[in-house]
Amino acid sequence: MHRYFTDQRHEALRRRVRDFAEREVRPRIAELEARRVACPDLSRLIARQGWIGATVDRAYGGMGAGHVAKTLIIEELSRVSAAMGAMVQASQLGVAKIVHFGSEEQKKTWLPAVASGDCLPTIAVTEPQSGGHVLGMSSTAVRDGDDYVLNGRKSYVGNSHVGDLHGVVVRTGEGSKGLSAFLVESGIPGFRVGPQRPAMGLHGFSFGELFFDDCRVPATHLLGREGDGLAVAYSSSMLYGRPNLTAVSLGIHQAVLDETTAFCTERRRYGEPLAELPNIKLKLGRIQSRMLLARLSAYHAVHLLDQGLACDAELMNAKLVNVESALESARDAMDIHAACGLFTDRPVERFLRDAHHIFAPAGTSDIQLLRLGELALGQGKGEWSGRLAELLRPASAEWSEEDGLPGGREALARVS
């Protein structure tokens with residue numbers, strides 16, 4: 001057993017993802033930063049490695065490798081490009097709704113395509129006027145014969161401009177039981193994507209708006225039953241959104257440490273490397289300490305998921321610790337770089353910008369603290385990780401990092 005709850009298969013997978021990221025992604029960072037829009041071809045190239053299917057069962061063409069494997073995939077991509085790590089995390093977040101709530105027919109239809117990289121899924125919950133208040137949404141779906149007619153608008157949808165299949169939560173009734181979720185394919189009549197707006201960071205990733213104007217969706221695209229929408233939204237956010245964003249933060253944090261130690265070794269002051277100054281060593285020590293704690297919290301939480309154990313508190317805490325510590329370390333790195341950090345020939349300013357993008361999705365730090373406080377007081381509303389334990393536990397004896405598209409081609413034949 002390696003450190004941080006990984007085994008030999010995990011570490012072999014880590015090496016493969018790291019090699020790919022250095023070879024295929026790093027050379028394109030300057031282009032991504034300059035264009036500041038989604039990059040469909042690179043997104044699709046990454047998806048075709050099979051990594052979006054990390055938690056998809058092998059019976060549907062996925063890796064069946066679990067959440068630790070998913071975490072290290074996102075981390076290693078994010079260490080090179082947080083934008084591409086975010087692309088993978090958003091797609092894997094889109095997987096959750098089908099894995100947990102999809103019918104057998106929906107799983108057979110969509111999961112093999114997701115696992116092979118032919119389909120990039122998203123999840124669309126947030127609306128401009130309600131923000132993180134899910135019950136405040138106003139978009140609707142009305143049954144009309146064999147279809148539902150959707151109207152409304154969704155915002156901050158990860159992979160909005162590269163996604164093929166959107167899991168959309170809308171109102172079909174009143175109150176908490178009046179939300180339902182649907183699978184909506186890109187390009188159908190009544191569906192459109194808003195223009196991509198330039199953002200502070202994560203250049204190459206898209207998180208935009210989706211519009212539904214009398215958009216007809218077959219009733220067979222309903223996920224679960226009418227009224228399951230709140231469960232789809234909350235479980236996806238808790239069990240995929242928080243650990244996925246934790247992994248992006250972790251990758252950024254590792255990049256901050258790597259870049260800053262290299263800078264301190266190369267840069268000289270008073271005839272010696274910058275790293276020999278006591279105040280610089282102290283700052284590096286703080287970054288290293290935060291990194292060790294952040295990594296432990298991240299991998300411990302997803303290890304519990306893979307064991308099928310209740311771990312909502314650990315997942316919330318992991319996101320809190322990783323987001324806050326990555327931001328603190330990026331600010332320390334900017335202090336160390338001083339004026340050098342302000343120019344784009346060094347990546348540290350990109351790390352700081354990208355780190356800010358991970359703060360709000362799946363709950364800000366205040367939300368994580370609020371929920372943790374409720375758990376401490378015995379006011380929690382049940383653990384999603386406990387409710388869906390069997391669906392979270394991978395068939396760990398079966399998956400192999402060396403399968404290419406892990407579990408892919410034979411399993412695709414079985415379900416097609």
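Note: hydrogens, waters and symmetry copies are ignored here, and every other heavy atom, side chains too, is used. Fair warning: this is a prediction, and the values are worked out from it, not measured in the lab.
Side-chain atoms of V184 and F212, non-hydrogen and from C-beta on, do get closer than 4.5 Å to each other. Between V217 and F191 there is no side-chain heavy-atom pair separated by less than 4.5 Å. Under the 4.5 Å side-chain criterion, counting only non-hydrogen atoms from C-beta, L305 is in contact with S385. Between L223 and D228, every side-chain heavy-atom pair lies at or beyond the 4.5 Å cut-off. Between H166 and S186 the shortest side-chain heavy-atom distance falls below 4.5 Å. Counting heavy atoms from C-beta on, the side chains of L210 and S160 come closer than 4.5 Å. In this structure, L277 and L274 have side chains that are in contact, with non-hydrogen atoms separated by less than 4.5 Å. Using a 4.5 Å heavy-atom threshold, the side chains of Q106 and L183 count as touching.
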Problem - CA sep, side-chain torsions, deciding dist, call: Y4, H303, ring pair (Phe, Tyr, Trp, His ring centres under 6.0 Å) - result: CA-CA 9 Å; Y4 305 109; H303 169 71; over 10 Å; no
Practice task
Test E22 against R18 for salt bridge (Lys or Arg N to Asp or Glu O under 4.0 Å), laying out the working first.
Solution key: CA-CA 6 Å; E22 293 291 347; R18 181 173 295 185; over 6 Å; no
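Residues passing the side-chain contact (heavy atoms from CB on, under 4.5 Å) test with S78, sequence neighbours excluded: I74, V248. When the side-chain contact (heavy atoms from CB on, under 4.5 Å) test is applied to A141, the partners found at least two apart in sequence or on another chain are Y148, L150, V170, T172, F182. With sequence neighbours excluded, no residue forms a ring-ring contact (aromatic ring centres under 6.0 Å, His included) with H161. Applying the side-chain contact (heavy atoms from CB on, under 4.5 Å) criterion to Y156, with sequence neighbours excluded, gives T126, F207. In terms of the ring-ring contact (aromatic ring centres under 6.0 Å, His included) criterion, H203 has no residue partners (sequence neighbours excluded). Taking Q254 as the reference, R79, L257, D258, M291, R295 meet the side-chain contact (heavy atoms from CB on, under 4.5 Å) condition, with sequence neighbours excluded. Residues satisfying the ring-ring contact (aromatic ring centres under 6.0 Å, His included) test with H300, not counting sequence neighbours, are F5.
At least one donor-acceptor pair closer than 3.5 Å links the side chain of E383 to the backbone N or O of C311. A distance-only check finds a donor-acceptor pair linking the side chain of Q368 to the backbone of A362 [under 3.5 Å]. D7 places a side-chain N or O within 3.5 Å of a backbone atom of H10 that can act as its donor or acceptor partner. Looking only at distances, a side-chain donor or acceptor of S235 sits under 3.5 Å from a matching main-chain atom of A231. Listed for the K70 side chain is no donor-acceptor partner under 3.5 Å among the backbone atoms of I52.
Judged as a salt bridge (charged side-chain N to carboxylate O under 4.0 Å, His left out), not a single pair has a partner in residues 303-316 (not counting sequence neighbours). Residue pairs satisfying the salt bridge (charged side-chain N to carboxylate O under 4.0 Å, His left out) criterion with at least one member in residues 161-172, sequence neighbours excluded, are listed as follows: R44-D164. Within the structure, salt bridge (charged side-chain N to carboxylate O under 4.0 Å, His left out) contacts touching residues 115-136 (residues at least two apart or in different chains) are R48-D118, E127-K154.
Atom CZ of F20 and atom CE of M84 lie 10.0 Å apart (nearest 0.5 Å).
Look at E76 and R15 and you find no salt bridge, because none of the NZ, NE, NH1 or NH2 atoms lies under 4.0 Å from a carboxylate O. Here E272 does not pair with R268 in a salt bridge; the nearest charged N to carboxylate O distance is not below 4.0 Å. Between E33 and R28, none of the side-chain N atoms (NZ, or NE/NH1/NH2) sits under 4.0 Å from a carboxylate O, so this pair counts as no salt bridge.
A ring-centre distance under 6.0 Å is found for Y240 and H100.
Donor-acceptor pairing under 3.5 Å is recorded for the side chains of E11 and T6. D214 and N151 are linked by a side-chain donor-acceptor pair at a separation below 3.5 angstrom, with hydrogens and angles left out of the test. A donor-acceptor pair shorter than 3.5 Å cannot be found between the side chains of H67 and T55.
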Please tabulate, for the side chains in residues 319-346, all donor-acceptor contacts under 3.5 angstrom to protein atoms that are two or more places apart in sequence or on a different chain.
{"residue": "K319", "atom": "NZ", "partner": "I358", "partner atom": "O", "Å": "3.2"}
{"residue": "K319", "atom": "NZ", "partner": "F359", "partner atom": "O", "Å": "2.9"}
{"residue": "K319", "atom": "NZ", "partner": "P361", "partner atom": "O", "Å": "2.8"}
{"residue": "K319", "atom": "NZ", "partner": "G363", "partner atom": "O", "Å": "2.7"}
{"residue": "N322", "atom": "ND2", "partner": "A294", "partner atom": "O", "Å": "3.1"}
{"residue": "N322", "atom": "ND2", "partner": "S297", "partner atom": "OG", "Å": "3.2"}
{"residue": "N322", "atom": "ND2", "partner": "A318", "partner atom": "O", "Å": "2.9"}
{"residue": "E324", "atom": "OE2", "partner": "S365", "partner atom": "OG", "Å": "2.5"}
{"residue": "S325", "atom": "OG", "partner": "V321", "partner atom": "O", "Å": "2.6"}
{"residue": "S325", "atom": "OG", "partner": "N322", "partner atom": "O", "Å": "3.3"}
{"residue": "E328", "atom": "OE1", "partner": "R290", "partner atom": "NE", "Å": "3.1"}
{"residue": "S329", "atom": "OG", "partner": "H253", "partner atom": "NE2", "Å": "2.7"}
{"residue": "S329", "atom": "OG", "partner": "R290", "partner atom": "NH1", "Å": "3.0"}
{"residue": "S329", "atom": "OG", "partner": "S325", "partner atom": "O", "Å": "3.2"}
{"residue": "D332", "atom": "OD2", "partner": "R290", "partner atom": "NH1", "Å": "3.1"}
{"residue": "D332", "atom": "OD2", "partner": "R290", "partner atom": "NH2", "Å": "3.0"}
{"residue": "H337", "atom": "ND1", "partner": "A333", "partner atom": "O", "Å": "2.8"}
{"residue": "H337", "atom": "NE2", "partner": "E259", "partner atom": "OE2", "Å": "3.4"}
{"residue": "R346", "atom": "NH1", "partner": "E259", "partner atom": "OE2", "Å": "3.0"}

Just list the side-chain donor-acceptor pairs under 3.5 Å for residues 281-289, sequence neighbours left out, or say none.
none

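Cation-pi geometry between R192 and F211 is met: the NZ or CZ atom falls under 6.0 Å from the ring centre, inside 45° of the normal.
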